[in-house]
Structure formats: C-alpha cells, structure tokens
Amino acid sequence: MIDTDFAIYKRISFLSGIAALIIGIAVILGWLAKIPILICLNTAWEGMKFNSALGFVLEGAGILFLLGCDQPAPKSSFYRWAVRTCAMALFLIGGMTAIEYMFGINLHIDELFVQQKSSVVGVAAEGRMSPLTAFMQINYGIAIWVLSNTREKVWAITIAQCFAFIGGVLGLLALIGYLLHAEELYALGHTTAIAVHTAFGFMIVSIGLLFLQPQLALMRTFASPTKTGQILRNFVPLAIGAPILLGWLRLKGQQIGLYNFETGLALMVTFCIVALETGIFWITRKFQAVELVLSQREEQLQEQAQLLNLTHDAIMVRQLDGKIVFWNSGAEKMYGYLQSEAMGKLAHELLKTKFPIRLEDIKSIALETGRWEGELIHHAKNEAPVIVASRWSVKKNEDGGPVAILEINNDISAVKEAEQQVSDFYSTVSHELRTPLTSMKGVFSLLAGGRVGELSERATSLVNMGRGETERLIRLINDILDIQKLEAGRLELNLENIEPKQLVEQTIAAVTGFAEQYQVQLIAEIGDNQLIRGDTDRLMQILTNLISNAIKFSDAGQAVTVITSANGKAIRFSVVDRGPGIDARNVPKLFRMFQQVGSANESKGGTGLGLAICKSLAEQHGGSVGIDTELGKGSTFWFEIPCA
C-alpha cells in the first residue's frame, strides 16, 4: 500500500532531481577537465553537449526548488524565484538553439563556455545540441515555469505532466533506438543526435516532474492507494519492459543468423501477443478480486440501506454541493417525495428549507467540527411545513477530506405544537387568572381595612384567610410563569455591575417587615464587596427567597445572618439560620420543582417552586446554588455569582 500522503513519490522526485544534477555536472566536468568518458559513453555514439549538460543542471535544480516551494514563507518565496530563474534559463537556451536550426544562423551560444565538436563525423552545426534536445529544454522550461506559478491548479498540473510525459516518451524512444540500432529514433537527418545519457536524463527529469504532484491530474490513478492504482503500478513495468526485451532478442537472433528478418518479426509479434495476453489475464484476475470485494461491500451497503429504511426518521446523504444521493423510506413518508423524485436534487431547494442561520455558516460549522445539530423548517410535497430536529454528520475519505453529509431529521412538529399549547396555557394563566386574583386580593384588603363597616371576629378571620389564600395563589402563578420563562430560555436578564453590599442591604430592607412578624433579627456581614455582573431584580429575588425561608424556619428571638465572601472568581452569598436543620436524606429534593421539605418534618407552606427558581436564576447568571446543613444545628443556603 502506498502512503496516503504520497511521501514516497516526493522522495522519488527528489532523487530524480539529484540524478539530473549529477548527470549534468559530470558532463560539464568532462568538458572542462577533458575527460572523454564523461562526455561520450561510446566513441561510436554522439556525446552530450555542454549546453545539454547545463540544461540537466537547471532541470535538476528546478525540481529540487519546486519541492522547496512547500516550505512556509519566506523560504517558499526564495524557492519560487529560483524555480522561475531555472525555467527561464532553460527556455532561453533551448529557444535560441531552435532559432539557430530554424533560420540556419549561428548565435554562438554553443561556444560560450568551451569549444565543442561533434564526436560523429558529417553532422551539421558541430558542437550544437540536438534539435530534439533543444525542444525538450523548451518543453521542460515551460513545465517547470507552470508548476512554479500555479501548483494547486489541476489544469496547470495537467499541462506540466503532459509536457513531462512527452519528454519521457522521447527519451525512451531514443534509448530504444540505441538498443536496436535504429538511428532514425535519436537523430534527425544530419543534425546532432541525442546522446545516450541525454535520453536517459530525459526519462529521469520526466519522472521527477510527474511525481511532484502525483495525487492530481494524469498521475492520480497511478499513484492512487486503491486496488486500481496497485494494478496499474504493477503492470506498467511489464508493458514497457516486455516489448523492449523481445525486440532486442529478435535483433540479436537475426544478427547471429538464427532466422531472417521476416521470421524474427513474426516471432516478436507472437511473443508480444503472448506477453500482452498474459498481462491482460493477470489484470483480469486482479479486477475479478476487486469486483468480488466491491460486490460484497455493495451487499453490505444494501443491507445497511434496508436497515435505514426501517427507521421512521428521514435519512438522506448529500454531496457537498447539496445534491441528494440517498433518500430512505422514512424521508419518503415524512416529505411525500419518492426516492426517484429526490435523487440528484438540491435538498434545500426541494424541501424549501428555512434555516436558523445562513446555510453557508451551518456548512462551515459542520465541515470544521464534523457535525451540526439544530432545528429546521422543511416543506413537504403538499407544501405543509415540517419542523425537524436535524443532525448532520460529515463523511470523510481516507485522506480526511469531506466527501458527503449524512443528515438525519426527526419530525418534532407535534412536540412544537404541544409546546405552543403549553405556552398558550401559561398565557391564559397569566392574563385570565392573575388579573382577577389581584382584584380579589384588593377586595379582601378593603374588607379587612373596614371600608364596608366593622366586621365580626368570625368575618375578619374568613377575610384574612381569603386574602392569604389569594396571595398564595398569586405567588404560585408568578412562580409558575418564572419557571416557564426559565425553561423556555425567554427570561431576559438586564445585566449590570452590582455591589454585593448594596444588594444585601436592599434585600434586607425589603424583608424587614416579614422578619418582624416572626420576631427574627436580620444581620449582614459583608466580607467581600467586589463587583459582580448580574440582574439586580433577579438576584434580589434569589436572596429574598433564601432569607424568607430562613426566617420561617427560625424561632422567635433568633437571628438570620447574610454573609458575602470571595470564592475564587465569584462572590458567595450565604444565608445562615439557627433553625432545626434538614435531614440529609431530604437535601437532594430541595431544588426540585414542587418539592416542599420542612425542617424537622414540619412544612411552613409555600409553592414548592422557590428554590427551583433560585437554582435556575443562579445558573442563568453563570453561578450555582447549594446548602450546608446538619439536623438540629441549622442550615446555610448559599449561591455564587461570578465577579464582573
């Protein structure tokens, strides 16, 4: 298996660049030091010209500099500048040589460094590189320049890889010409021929350029870590090597007299057919194994799809552009669109989706975190709105890139309708009950104040009882409305910087009359007065509730103490009483709704919602509540609010 990060191909590209540099430098040293073996490998063959060797130095350096462009700035800027310099020099050398051949002129660019003569007698323009070599320098110069400017563009990489592929083919053709003594394959007429190590260098440079970006364009399938890529990589050496070997064997057999030209050609064709058929048979066997695996996976996917069809939730799979590629039966039932109607359509257009925020923002969150959850409003085929709880999960490929989005939608229209009914009920309670109860309280107050005459002792008792029950009902309704707002997240806080001392003093002043009824003394101990951030009215509501409870559970003559102290980055408000305390078994029930836990099993009345409201209000401020108590030794209720 090939590394999914294509590191092995980067190493091959690096080694190719080094090899091209070595070839070019070796030939240049051969010219400068007059070492013939470095210039020409065989006296009967053409040697590599100085400018050709210089081209290989520039091509090898260009490949290495292209690899360096992956470095972070500012290093990448230097490497990019160096690459473009190499590409421009290649283009100029090759271009000027091509002009010499095209117009029959001598620009003397072949004599800039050394005086050169062709090692083969009778060629035109002695010392000048082959026109094919000049063409290849232009070819490689363009490829390197394109890669230096737009390395992330697929079209640019495709152009560069096409140019590199052409160079590799010409180099291979020249080598085959030398191997089979076919001079026409490495020399054009009476011009300078391509040297053997020049042809070999072409192939090396082509490999280096092709493997710079193997995951894209022409090399994508070859470098793929899939089974197809493995098969292709295994078959390419056979496809290249077998014909070359058979052609060489045919030529050698003909030269030593084993058979004539026609017989040798027939044998070569026959063996090529056999080799090709063997390769095809081997590829077929490999693809059969792949097809078997794919068939098994397809069966597994079909089974999974059948399981997904059993759920009542709507499940769809969308491409990143929003096109639907999977649509289960739950989606058919929920929206009324058949699978054939939904496939290939844009989901948000088909369902006329209303998003809580912009679709682009939701996609961004999903791609960044791998998931998104929220409520959406879809529309069924009959235009009926469908409110759904939607969950998105991003599917990724082996390289970790996003490829699709799985969306699961649960119809919560009925739940939303029920919530609306509950909200309507609360509204009814607020407007239809609280208003008359307030009027009743006023009537009872007037009766108790003697506005309609002196009442008997029995009548006074009944009026006071009615007023007390009316006040209890009003408190209950107010508490229920507060709880509903807190649970629905509709309770708005008017946040400001608050001084704890001022908050405590205002609250104590408000409940002093209540404390006097119970003959309980209120004491304030301000230990820390650092500013907190909160809603004054709501924090007073918490503190009033805790102080009122402490007063009710204190005996006459006792004191309730309100203490402020620092606790990390928060201020703790503690309400301490000397009452009977609370049984440890009842402590977990204290902050639940409609729970009344009397100290020493004695209830003092109330709605059973006060502490639950205190807990919700404190948490909405980013704080917390708690209690420290021991049966027979009193209780300390506390809440903490973060500092400003």
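Heavy-atom basis, side chains included; hydrogens, waters and symmetry copies ignored.
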Give the table of side-chain donor-acceptor pairs shorter than 3.5 Å for residues 129-142, with sequence neighbours excluded, one pair per line with atom names and distance.
from : atom 1 : to   : atom 2 : distance (Å)
S130 : OG     : L132 : N      : 3.1
S130 : OG     : T192 : O      : 3.2
Q137 : NE2    : N51  : O      : 3.1
N139 : ND2    : F163 : O      : 2.7
Y140 : OH     : F202 : O      : 2.9
Y140 : OH     : S206 : OG     : 2.8

Residues I63 and G208: closest non-hydrogen pair is CD1-CA, 4.0 Å
**Message:** Donor-acceptor check, side chain of H197 to backbone of I39, threshold 3.5 angstrom: yes or no?
**Reply:** yes
message = Could you check whether any side-chain N or O of R391 sits under 3.5 Å from a backbone N or O of E373, counting only pairs where one atom can act as donor and the other as acceptor?
response = no
Next on the checklist: Between N409 and M334 (side chain of the first, backbone of the second, donor and acceptor by atom type, cut-off under 3.5 Å), is there such a pair?
Outcome noted: no
L15 meets the side chain to side chain contact (heavy atoms under 4.5 Å, CB included) criterion, sequence neighbours left out, with none
All N/O donor-acceptor pairs, side-chain side in residues 248-255, below 3.5 Å, sequence neighbours left out:
from : atom 1 : to   : atom 2 : distance (Å)
R250 : NH1    : Q254 : OE1    : 2.6

Expected output: side-chain W145 to main-chain V83 donor-acceptor under 3.5 Å: no
OG (S13) and CG (L66) are apart, to the nearest 0.5 Å, by 8.0 Å
| said: For L351 and H379: C-alpha separation, side-chain torsions, deciding distance, then whether side chain to side chain contact (heavy atoms under 4.5 Å, CB included) applies. | reply: CA-CA 5 Å; L351 301 176; H379 289 82; 5.9 Å; no
d(I12 CD1, I207 CD1) to nearest 0.5 Å is 8.0 Å
With sequence neighbours left out, the residues meeting salt bridge (Lys or Arg N to Asp or Glu O under 4.0 Å) with K352 are E383
message: Can you see whether Y101 has R128 sitting over its ring - NZ or CZ less than 6.0 Å from the centre and within 45° of the normal?
response: yes
Next on the checklist: One pair to check against side chain to side chain contact (heavy atoms under 4.5 Å, CB included): F56 and I28. What are the steps and the verdict?
Outcome noted: CA-CA 10 Å; F56 281 117; I28 289 175; over 6 Å; no
Rounded to the nearest 0.5 angstrom, the OG-CG distance for S16 and L212 is 9.0 Å
Separation between CD (E341) and OH (Y335), nearest 0.5 Å, reads 15.0 Å
Under the side chain to side chain contact (heavy atoms under 4.5 Å, CB included) criterion, do C40 and E46 qualify, and how do the steps go?
CA-CA 6 Å; C40 184; E46 182 65 74; over 6 Å; no
*For F165, does the CZ atom have more than 12 heavy-atom neighbours from other residues, nucleotides or ligands under 6.0 Å away?*
no
Residues L367 and P402: closest non-hydrogen pair is CD2-CB, 3.7 Å
Would you check if E100 and M96 make a side-chain contact, meaning some heavy-atom pair closer than 4.5 Å? no
Notebook entry, point to check: More than 12 non-hydrogen atoms from neighbouring residues, nucleotides or ligands closer than 6.0 Å to CE on M88, yes or no?
Noted result: no
- Query: Y186 vs Y178 aromatic rings, parallel, tilted or perpendicular, using cut-offs 30° and 60°?
  - Reply: parallel
Distance col, row F14:CZ vs R11:CZ, nearest 0.5 angstrom, shows 11.5 Å
* Side-chain donor-acceptor pair under 3.5 Å between S364 and D361, yes or no? -> no
message = Test your reading of the model: is there a side-chain donor-acceptor pair from T85 to the backbone of W81, 3.5 Å cut-off?
response = yes
Rounding to 0.5 Å, atoms CD (Q161) and CD1 (I166) come to a distance of 12.5 Å
Heavy atoms of I324 and F326 approach each other most closely as CG2-O, 3.4 Å
Scanning both residues in full, the closest heavy-atom pair of V196 with L175 reads O-CD2, 3.8 Å
The side chain to side chain contact (heavy atoms under 4.5 Å, CB included) partners of L173 (sequence neighbours excluded) come to L185
Residue set satisfying salt bridge (Lys or Arg N to Asp or Glu O under 4.0 Å) with E332, at least two apart, ordered chain then number -> none
- Determine whether L359 and H348 make a side-chain contact, defined as any pair of heavy atoms from C-beta on separated by less than 4.5 Å. yes
(request) Decide yes or no on side chain to side chain contact (heavy atoms under 4.5 Å, CB included) for I35 and L38, but give the supporting numbers first. (result) CA-CA 6 Å; I35 306 175; L38 296 179; 3.9 Å; yes
Taking every heavy atom of A195 against every heavy atom of G47, the minimum-distance pair comes out as CB-C, 3.7 Å
Check your understanding: Are L346 and K323 close enough that some pair of their side-chain heavy atoms sits under 4.5 Å apart?
Key -> yes
Heavy-atom nearest pair, I194 first then A199, reads CG2-N, 3.8 Å
Are R318 and W392 in a cation-pi setup, meaning NZ or CZ lies under 6.0 angstrom from the ring centre and within 45 degrees of the ring axis? yes
